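So you know, we letter chains A, B, ... as the sequences are listed, proteins then strands, and number each from 1. In this text, all values refer to a predicted model and were calculated from it rather than measured experimentally.
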There are 2 protein chains.
Amino acid sequence: MDNNHDAGQDSQKILEEFKKICESFGIKLTYQRLEIYRILLEAKDHPSAEDIFSRVQKKVPTISLDTVYRALATFEKFGLVRKFYSLDEKARFDPNVFPHFHLVCIKCHKITDFQWPEVEKKSLPSVAREWGEIKERYLELRGVCKDCLKK
Amino acid sequence: MDNNHDAGQDSQKILEEFKKICESFGIKLTYQRLEIYRILLEAKDHPSAEDIFSRVQKKVPTISLDTVYRALATFEKFGLVRKFYSLDEKARFDPNVFPHFHLVCIKCHKITDFQWPEVEKKSLPSVAREWGEIKERYLELRGVCKDCLKK
DNA sequence: AGATAGTTGAAAATTATCTTAAGTTAAGCT
DNA sequence: AGCTTAACTTAAGATAATTTTCAACTATCT
C-alpha cells in the first residue's frame, strides 16, 4: 500500500519535473519520452539503449528501439543524460549529469557512481594545460566488485 | 639515406623484440602479425582496427580486416596492447601498456598520452576500497586541443 | 621433408546504431 | 474544442563495427 502510494507520488514528481524540462528546452513531451526518461531516472546501473528498450517495453509494448535511440540522443543533446563508453562498444546512459566518476567491474560490467573530490578538484598538470582546454575529467576505477570476488 | 638506415635498424629491433615476445607466449609468428605489430608500435595516435588495417594494407595488400581484428585480440590477450573505448563505439588500440592517461579532443577525437603521477599514486577513497578490488585507473581529460582551438 | 595445430582470407552472420518514408500526435493558434 | 503544423513515432531497411565459420594455407616440431 505504502509502496504504491509512494510510487505514485514519485511518478507524479518525475512527470512534473520532466514536463518542466521539456518545456524549457522546447522538447515535445511524448508518452514514450516520458517513460524512457522515467526508466532512466529509476535506473542505477547505467543501462545501454537495449537495456532501456526492454525495460520501457514492459510499460509501452509498442515502442520501438529506434525511438529509444532517438530519445536518448535528444536527451543527451539537451544535457539531460550523459552517454559514455566503458569496456565494450555499447553506449551506456547516465541520468546523473553532475560530475562524478565510475567504479567498473571487469567481470560483470556493473557500473557504480562514486565521488573523489580530491581528483575532481586537483589542479591539472602542465602538459594538460598546454595541450588545450580541458572541459571534463572522465575517470573509471576498474576492478572486480565484491559480488564477483565472492564467486 | 640516414632515415632509411635508421628505419632498417628500428625494424630489425622491433622484429627481434616481437619474435622474442611471440616465442615466450607461444604465439605463432606470422608476417601479418609482425606488420600489424610494427604499425602499432609506430602509431602515436591510438588507431582503430580500421585505421590499422588501412596502414598495414600498404605493406601487405592481401591482408584482410578480420586478420587485423584477430591479431589485435591476440595481442590484447597477451598484454601486448591495450584496447579501449573513448568517445565513440570504435575500439582504439594502444601499444603503450604501461600506466598512463589520455588527453582526448572532443572536436577531432585525437588522443594523446600523458602522465599524472599524483593521480596515479593517490590512495583510493574508502568507497572504492569497499566496492571491491581495483586493478586499474582509467582517466581521460576531455576538451579541445590547441589545433582545434585555433579554428 | 611431413604432420599437425594454429592462422589466414573470404564470405556471411551478428550486434549496435542510424536513416528514410509515411502515418501520427503534441503544442500553439484560433 | 477544433485546426494546423512541425516534430515525433514506427517499421523497415541501411550502415558500421566486430565476430564467426570454414576451407585453404603455413609456421613449428619432429
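Note that CZ of Phe98(A) is 11.0 Å distant from CZ of Arg82(A), once rounded to the nearest 0.5 Å. Here the CH2 atom belonging to Trp116(A) is positioned 7.0 Å from the NZ atom belonging to Lys122(B), to the nearest 0.5 angstrom. Atom CD1 of Ile63(B) sits about 10.5 Å away from atom CZ of Arg33(B), to the nearest 0.5 Å.
Nucleic acid contact class of Ser48(B) (heavy atoms, under 4.0 Å, all strands): none. Residue Thr30(B) is in sugar-phosphate contact alone, with no base atom involved, counting any heavy-atom pair closer than 4.0 Å across all strands shown. Among the protein residues, Leu29(B) comes within range of the sugar-phosphate backbone only, with heavy atoms under 4.0 Å from sugar or phosphate atoms but none that close to a base.
For Arg70(B) against dT21(D), a side-chain-to-base donor-acceptor contact under 3.5 Å is present.
Judged by distance alone, the side chains of His46(B) and Asp51(B) never bring a donor and an acceptor atom under 3.5 Å apart.
Nucleotide dG28(C) holds its P atom 7 Å from the CD atom of Glu23(A), rounded to whole Å. Distance, Ile27(B) CD1 to dG6(C) C1': 12 Å, rounded to whole Å. Rounding to whole angstrom units, NZ of residue Lys19(A) and C1' of dA27(C) are separated by 13 Å. Rounded to a whole Å, the CZ atom of Arg33(A) is 8 Å from the C1' atom of dA7(D). Whole-Å rounding puts the Phe53(A) CZ to dC18(C) P distance at 15 Å. When rounded to the nearest whole Å, the span between CZ of Arg92(B) and C1' of dT18(D) equals 16 Å. Atom-to-atom, CZ of Phe18(A) to P of dA26(C) comes out at 13 Å; the value is rounded to the nearest Å. If you take CD1 of Ile63(B) and C1' of dC25(D), they are 15 Å apart, rounded to a whole angstrom.
Of the candidate nucleotides dA11(D), dA27(C), dT17(C), dT17(C) has the atom nearest to the side chain of Ala91(A). Picking from dA16(C), dT20(D), dT8(C) the nucleotide with the shortest atom distance to the side chain of Lys90(A) gives dA16(C). Residue Glu50(A) has its side chain nearest to dA16(C) when only dA6(D), dA16(C), dA17(D) are considered. Listed candidates were dA26(C), dT17(C), dA27(D). Nearest to the side chain of Lys28(B) is dA27(D). With dA11(C), dG6(C), dT9(D) as the candidates, the nucleotide lying closest to the side chain of Gln32(A) is dT9(D).
The 5' end of DNA chain D is approached more closely, in terms of each residue's nearest nucleotide, by Asp66(B) than by the other of Asp66(B) and Tyr31(B).
Looking at Val144(B) and Ile106(B), their side chains come closer than 4.5 Å, going by heavy atoms from C-beta outward.
Tyr69(B) has no side-chain polar atom (N or O) that falls below the 4.0 Å cut-off from OP1 or OP2 of dT19(D).
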